[in-house]
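A quick write-up on the structure given underneath.
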Amino acid sequence: MLSIEKQILFLLTKKRCMHAKELVQIYTKRGYKEQSIRNVLSRMKKEKYIHAEERSLYSIMDKGEQFLSFVNRKPWQYDVDWNRKWYFVHFEVPEPERIRRDQFRLQLLQLGFGQLYKSVYVSPWDYSKQLLSWIHAASMDEYVTISEASILFRDITPERAADIWPLADIHRLHQEKWQWYQDEFVPALNKEIRGRMDPLELFVLYLHVGEVISEISLRDPMLPVSLLPHDWMGHHVIAELYRSFQSFATLIPSSSDYYQFLV
């Protein structure tokens, strides 16, 4: 799902119905063309993420709520003490069910699991509640086993962790987003604060930093410090982005139409 689609779903959880022209106003400020926004709305309606209450007036459907629930389930793990246990997911889904299999595999990766062997995924964190929710919802109970164990032979070292999870790629993502934060986001925010502080301009910045946080959190497994390279910057980057994200509650006036999306 595209970033704009995720954000539209988020907005529709805050405001029961939104007219297409409201969304066009917001996203043309973000550099999208009006027709592309309307195309996205049409596609989301066709895929049953949103519903048209009447012409061009949209609300979120159960499928959209469920998707956002999945995105928001990944907890903050950098400050959690690791008990040295590992959590394994073993699954074997028949080929005719490959669509569900591939969706489940993607959910595992986005939650922070790494592929240890074919159809065996591992995480240092206990995500069993989230996993069971997905398994039951997808009617995959007979295909999946979840286990908790210590590794007695060939433990996962930092070197091996870098192969199981794409840590080099994720580190580059952190660097890229930190550069964006320093070179583009902070100057743009300071300009708005020093200037007229237009609520729409501030709200567009709010959406942008929220999008960046979402992208990082879905790709970063948030492994224990003992498994990460010494120059890992994930904790610092996410903490700073989230601090800025929260600050918009004091920057956007409560009288603004956009304040309702922050609370």
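Throughout, residue positions are numbered sequentially from 1 according to the sequence presented.
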Are Tyr127 and Tyr87 close enough that their ring centers fall under 6.0 Å? no

Can you pull out every ring pair (Phe, Tyr, Trp, His ring centres under 6.0 Å) where at least one residue sits in residues 137-172? Sequence neighbours excluded, please. His171-Trp232

Applying side-chain hydrogen bond (donor to acceptor under 3.5 Å, both in side chains), name anything that partners Trp178, two or more places apart in sequence or on another chain. Gln182

Salt-bridge contact Glu34-Lys21 (side-chain N to carboxylate O under 4.0 Å): no

Check this for me: does any side-chain nitrogen of one of Glu215 and Lys177 sit under 4.0 Å from a carboxylate oxygen of the other? yes

Is the shortest distance from a Lys or Arg side-chain nitrogen in Glu201 or Lys191 to a carboxylate oxygen in the other one below 4.0 Å? no

Take Tyr27 and Gln7, measure what side chain to side chain donor-acceptor pair (under 3.5 Å) needs, and give me the verdict at the end. CA-CA 10 Å; Tyr27 285 100; Gln7 286 191 347; 3.0 Å; yes

For Tyr242, all residues meeting side-chain contact (heavy atoms from CB on, under 4.5 Å), sequence neighbours excluded: Ile213, Phe245, Gln246

Spacing of CG belonging to Leu12 relative to OH belonging to Tyr49, to within rounding of 0.5 Å: 14.0 Å

With no hydrogens and no angle check, do the side chains of Ser147 and His90 hold a donor and an acceptor under 3.5 Å apart? yes

Quick one: do Arg105 and Asp102 make a salt bridge, cutoff under 4.0 Å? yes

Atom pair CG/CG of Leu205 and Asp198 - distance to nearest 0.5 Å: 10.5 Å

